[in-house]
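Each ligand, and each atom within it, is numbered from 1 in the order the structure gives.
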Amino acid sequence: MQRSVPLSPLTTLRVGGPAARLVSVASEDELVAALADAGAHHEPLLVLGGGSNVLVADEGFPGLVVRMAIRGVSARRAGDRMVVDVGAGEDWDAFAAQAVGEGWGGVASLAGIPGLVGATPIQNVGAYGEEVADTIAEVRVFDRAAGAFVDKAPAACGFGYRASIFKRSDRWVVTRVRFVFERGTDAPVRYAELARALGVAEGGAAPAARVRETVLALRRGKGMVLDAGDPDSVSAGSFFTNPVVDAQTATRVEAVAGAAPPRFPAEGDRVKLAAAWLVERAGFPRGWGEGPAGVSRKHALALVNRGGATARDLVAVARAIRDGVRARFGVTLEVEPVLVGCALD
Ligand SMILES: Cc1cc2nc3c(=O)[nH]c(=O)nc-3n(C[C@H](O)[C@H](O)[C@H](O)COP(=O)(O)OP(=O)(O)OC[C@H]3O[C@@H](n4cnc5c(N)ncnc54)[C@H](O)[C@@H]3O)c2cc1C
């Protein structure tokens, strides 16, 4: 147990004040002991994985931060499929690379997403037409309300677009994720940009290893792979989710912009609009912002810490963008990362 631990080095945005207390847990028993300790001290709890989807306030966190370090990958065959249990503290991208190498299908397009396996169900991570929920068979959590471990089936996880019941809740701590993979060396290609880069038809397939490498190359071009040599990767990934709107709103956006926004089908007759497109057309191009925080030069949805930015700087940039998009298009962008101790309003 450490006291007054700076959180900025533990996050990819490199901002955030100290945690009152911080402990790493490498087993479920250690987790239970840490949670009991937080309860005894009436402290708030923050579980931290790789820190790649959080914006922590400059004031820090006034409670216990639990760093997830439960490791282990165990695989068994079940007919044509592989059932793989992965500790929440395993690195996601290392595991995704292993899956491709072993011929476990379903995560080749999720290459290069930073963070730990235990965080992937939290916002149902997704990219290039794949979501982690497509291969999750069970999420093992400690339910703090019930005081017990529970193995949750996907239907009980509330998975949606960058969403689950776990996001922005401190009730559940994920300790293990069970995946079920189809075996095979080809991966589906479900995203137009990826299909173009691979030279295959959208809806077709390509060798999983090639899909992985191509996704990594596309992501590097957008600053979406953590890279100490790339200042545009000092971010939390996309800062806003793509808004899901009704057909009338999509038509209004097109009329205001004088051009059709990129759109994807969503639930019912709703459509998902590309948030990056809205941001750029509302007057926030790549590289926007004079100060230490601003828009990445490689992707309009990533806010970056250019060096010395505070959480306040990042919140101010995010607020300007959200308000600018709302004023121009009447669409309110939602923040994707979890804001810890800070807010846009
Ligand atoms: C460069 C870059 C690119 C990115 N690209 C993508 C992308 O393509 N697609 C995508 O979906 N995301 C993307 N992200 C966001 C991020 O990588 C993912 O959301 C990732 O799953 C977060 O993992 P983490 O371990 O860093 O979580 P953290 O940032 O540590 O935590 C995120 C949230 O999950 C909670 N949490 C973490 N672990 C647990 C646990 N074991 N139990 C309970 N709660 C937990 C935390 O309390 C916090 O609320 C990107 C981020 C960056 C920096």
Return each pair, listed once, that meets ring pair (Phe, Tyr, Trp, His ring centres under 6.0 Å) where at least one residue sits in residues 117-147; pairs must be two or more places apart or across chains. Y128-Y191, F142-F149

Which residue in the set E336, E131, R168 passes side chain to side chain donor-acceptor pair (under 3.5 Å) when paired with Q123? E336

Which heavy atom of the protein is the closest neighbour of atom 25 (O) of ligand 1, given with residue, atom name and distance? G50 N, 2.7 Å

Under 4.0 Å from a heavy atom of Q123: which atoms of ligand 1 are those, numbered in the order shown and with their elements? 10 (C), 11 (O), 12 (N), 19 (O)

Heavy-atom distances under 4.0 Å decide this one: backbone, side chain, both or neither, for V54 against ligand 1? both

Residue portion contacting ligand 1 (non-hydrogen atoms closer than 4.0 Å) for I122: side chain

Which bit of R168 gets closer than 4.0 Å to ligand 1, counting heavy atoms only: side chain, backbone, both or neither? neither

Return the orientation label for the W288 and F284 ring planes: parallel under 30°, perpendicular over 60°, tilted otherwise. perpendicular

Using a strict threshold of under 4.0 Å (side-chain N to carboxylate O), is an ion pair present between R140 and E28? yes

Within 4.0 Å of some non-hydrogen atom of W172, the atoms of ligand 1 are 43 (C)

To atom 9 (N) of ligand 1, the nearest of G115, G223, A119, G126 on a heavy-atom basis is G126

Has ligand 1 got any nitrogen or oxygen that is less than 3.5 angstrom from a nitrogen or oxygen of G51? yes

Return yes or no for this condition: an N or O of V225 is under 3.5 Å from an N or O of ligand 1. no

Out of R171, R176, R219, who is nearest to atom 5 (N) of ligand 1 when you count heavy atoms only? R219

Does the plane of the ring in W104 sit parallel, tilted or perpendicular to the ring in F95? Use 30° and 60° as the thresholds. tilted

The complete set of side chain to side chain donor-acceptor pair (under 3.5 Å) pairs with one or both residues in residues 82-94, sequence neighbours excluded, reads R71-E90, D85-R178, D93-R212

Show the atoms of ligand 1 that are less than 4.0 angstrom away from any heavy atom in T12. 53 (C)

Under a 4.0 Å heavy-atom limit, does F166 contact ligand 1 with its side chain, its backbone, both, or neither? neither

Using a strict threshold of under 4.0 Å (side-chain N to carboxylate O), is an ion pair present between R220 and D230? no

Using a heavy-atom cut-off of under 4.0 Å, does the side chain or the backbone of A236 touch ligand 1, or both, or neither? backbone

Report the part of V338 (side chain from C-beta onward, or backbone N, CA, C, O) that has a heavy atom under 4.0 Å from ligand 1; answer both or neither where that applies. side chain

Considering non-hydrogen atoms of the protein only, which is the closest contact for atom 18 (C) of ligand 1, and what is the distance? V125 CG1, 3.8 Å

So which bit of L46 gets within less than 4.0 Å of ligand 1, heavy atoms only: side chain, backbone, both or neither? side chain

